[in-house]
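The sequence lines fix the lettering, A, B, ..., with proteins before strands; numbering per chain opens at 1. Note that the structure is a prediction, hence the values are computed from the model and not measured.
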Protein chains: 2
Amino acid sequence: MLLLDDRKRKILKAIVDDYINTAEPVGSRSVARRHEIGLSSATIRNEMADLEEMGLLEQPHTSAGRVPSDKGYRVYVDQLMTKRQLTADEIDCIEDSLRSRISEIEQLLKQASAVISEITKYTSLAITPQMNRSIIKAIKLILVEDDKVLIVIFTNAGIAKNSLVKIGAGVSLDSLVVIANYLSDRLTGITLEMVNIESLRFDAQRIMTRDRHIIDPIINGVEDCINQIASAEVFLDGTANIFNFPEFQDMMRAKKFLSILNAKDILASMMFNSPQGEEIKVRIGIENEVDELKDFSLITATYSIDCEIIGSIGVIGPRRMHYPKVIASLNHIRKVINRELSNLLGDDVEGQ
Amino acid sequence: MLLLDDRKRKILKAIVDDYINTAEPVGSRSVARRHEIGLSSATIRNEMADLEEMGLLEQPHTSAGRVPSDKGYRVYVDQLMTKRQLTADEIDCIEDSLRSRISEIEQLLKQASAVISEITKYTSLAITPQMNRSIIKAIKLILVEDDKVLIVIFTNAGIAKNSLVKIGAGVSLDSLVVIANYLSDRLTGITLEMVNIESLRFDAQRIMTRDRHIIDPIINGVEDCINQIASAEVFLDGTANIFNFPEFQDMMRAKKFLSILNAKDILASMMFNSPQGEEIKVRIGIENEVDELKDFSLITATYSIDCEIIGSIGVIGPRRMHYPKVIASLNHIRKVINRELSNLLGDDVEGQ
DNA sequence: GTTAGCACTCAACTTAGTTGAGTGCTAAAT
DNA sequence: ATTTAGCACTCAACTAAGTTGAGTGCTAAC
């Protein structure tokens, strides 16, 4: 951890704060003027030269002020910034849009994404829970219209998904009962990621003596249900917000940004690699694994059920992001999501 | 219908064609040069002055060439443009991404949207079917975990949606059978839009003598299922494509554009007001009802099941859109969607 | 160690001048 | 009666030169 003396800390903080607010390179004189440091611009100039040498500041060109480097932002985030609290209004806003009356997890995260971008004015992300580890509680086959079967799988996380498949007509009810029991035996109590579709299909061939042609469609339906439950969806909001920032007046950059947002799989993978234990993760510029994001900062927060991290929410914006506010917002919203999820899935499921 | 003599038609067509390709105002000399009209630039100049007087062309400023007006584009689309056929490659591309192996209607339309923007290079839209008119075929209640009921509704359009609700523990199976039969009686055979949730709830109170506390959650679950089936979803693709056009280098315009794309409800309403009978509708600039779209052209095409229009796909781009290509693409894709939908829902539902 | 002063740098802005594609009009040619 | 060549005019877009001002680094005095 990089240690700075008090004066350098004050000056670096002042520069980052100013730059976050103005997007203009910060000069020594304006630091002396706008902040009560009690030093002349000349002294500050010397300190700034030191900070630049240490790699914390950069100069766009000789006669401009300084701009924080990625490393500078990192020190700011880790050591210097003054933590912010949300205002009562902001908290109300979050509660209003997320509290109760939301019946589906997808809805909850969509709303969460909307409220994040509303409060932070950046582009927000929310990914639906990773349900690979959830346990199959029940699987039902329902005959509808004598040649179609509705397959329903239901997990301990309170999710049920269905798939409708056509089987040939004239299948005996007995055969359906046989395969239904088989599936129930094989699948109940195990997690989604443990399901091996091909061995399931193979073994079904062995136990079924009649009506074997129904195996393939039904197993496919089971696979479909499992995929539906396991697949993660990414919600975005406030994508147009990026245009509010002067550094993205450049069309090329804006286009690149939108292209990334359209690559949902890349977003999803970014969101997932938060190590356990870390509730909020800040990636500044070059720290992003994804190359196209090295002009951006990404802040993510995890949410969980029963202390297991299952998904995350986040914000993408310029490196010059208002870190204190975004971190405070995400931290609050992740707690609300945790609370709502446990309401939704736990004992209090009510009404819907 | 505006009638033009042959020479004016040729000149207007040449100007619109050139402007669509270059985005530069077209001058009399370049019309004379690039198209075989056999007239000098001076004559063409006179004709252009006439066309301007008729409101078909506009001049950005005195010493620039001419640009088509909305009315000019309209004449071009209705009378002048040479219809295009898709190339074999394009048709293959469409077939590859839409044919078979798609089990869900949502997937089909998502793919359709993707392929539209891939082929046209504009921003594409696809709205999921309006299912208000579909008929409820069956409704099932499944008891899971002795205090939760899974409600499944299944329609003639092959859609099944479920909702999981919690009822108090210790409900007798008899009560569940009573309400299941009641719901089945009341709902089977009617369309979604005919369902009156409140009268359903009210009458349930009358027929149920015991376990009345389960009525509210269950009716809410029914409502939830119906809403899930009836709600239309809008898929977008190629949103970043707008930046490829020089007329959208302007940030304000680009931002406005993205804002509209985020207002899914506005998009949905635009997509829906295609009168029956019209397969392809072209709205040019000012012809758009939505104010924010008056700098754009919107082309929509309907798709249907059993000859009833249930949804649409479309393209948004600059007024200077490549109309022949977009119209040909949408027309082809709508036919493929019709075909796939009838495969999906009709007799050929197979496996998945 | 701190600061005032000064020469220097350089992006951003202003101004004036140039270019060139395009027009409208008129008079000659067909 | 059309069509066309010729010419004067317009105006956005580009270029070049000059100005401004915020900022720097260095040095010498405090």
Between A:S312 and A:T300, is any side-chain donor less than 3.5 angstrom from a side-chain acceptor? no

Side-chain donor/acceptor of A:R29 to base of D:dG23, under 3.5 Å: no

Check the distance between D:dT24's C1' and A:H61's NE2 and give it to me in whole angstrom. 11 Å

Please determine, by modelled atom types, if B:D18 and B:S30 share a side-chain donor-acceptor pair under 3.5 angstrom. no

Could you state the atom-to-atom distance from CG of A:D50 to P of C:dG1 in whole Å? 12 Å

Round to a whole Å and report the spacing from CZ of B:R33 to C1' of C:dA21. 10 Å

Among the nucleotides D:dC11, C:dG24, D:dT4, which one has an atom lying closest to any side-chain atom of B:S40? D:dT4

Heavy atoms from other residues, nucleotides or ligands near CZ of A:R253 exceed 12 (cutoff 6.0 Å): yes

What is the distance, rounded to the nearest whole Å, between atom CZ of A:R34 and atom P of D:dA22? 12 Å

Less than 6.0 angstrom separating the ring centers of B:F257 and B:F296, yes or no? yes

For DNA chain D, determine which residues of residues 62-73 of chain A have any heavy atom closer than 4.0 angstrom to one of its atoms, and list them numerically. A:T62, A:S63, A:A64, A:G65, A:R66

Using purine N1 to pyrimidine N3 plus N6-O4 or O6-N4 for Watson-Crick, or N1-O2 and O6-N3 for G-U wobble, each under 3.5 Å, what pairs with D:dT10? C:dA21

Just checking, is any N or O donor in the side chain of A:D17 or A:Y76 under 3.5 Å from an acceptor N or O on the other one? yes

Do the non-hydrogen side-chain atoms of B:Y19 and B:Y73 ever get within less than 4.5 Å of each other? yes

Whole-Å gap separating P (D:dG25) and CD (A:Q59): 6 Å

Short side-chain N/O contact from B:R7 to OP1 or OP2 of D:dT3, under 4.0 Å: yes

Among C:dA4, C:dG5, C:dC10, find the nucleotide with the atom closest to the side chain of A:R45. C:dG5

Please tell me which of the listed nucleotides, C:dT23, C:dT3, C:dC10, lies nearest to the side chain of B:M48? C:dT23

Residue whose nearest DNA chain C nucleotide is more 5′ - A:T43 or B:V26: A:T43

Between D:dT2 (P) and B:I37 (CD1): distance, integer Å: 19 Å

Let me know the distance between CG of B:L51 and P of C:dT23, rounded to the nearest Å. 12 Å

If you define the side chain from C-beta out and look only at heavy atoms, does anything of B:L293 sit under 4.5 Å from B:M270? yes

Considering every strand and a 4.0 Å limit on heavy-atom distances, what is the contact class for A:S28: base, sugar-phosphate, or nothing? sugar-phosphate

Position toward the 5' end of DNA chain D (nearest nucleotide), A:A42 or A:G27: A:G27

Separation of D:dA13 C1' from B:E24 CD (nearest whole Å): 11 Å

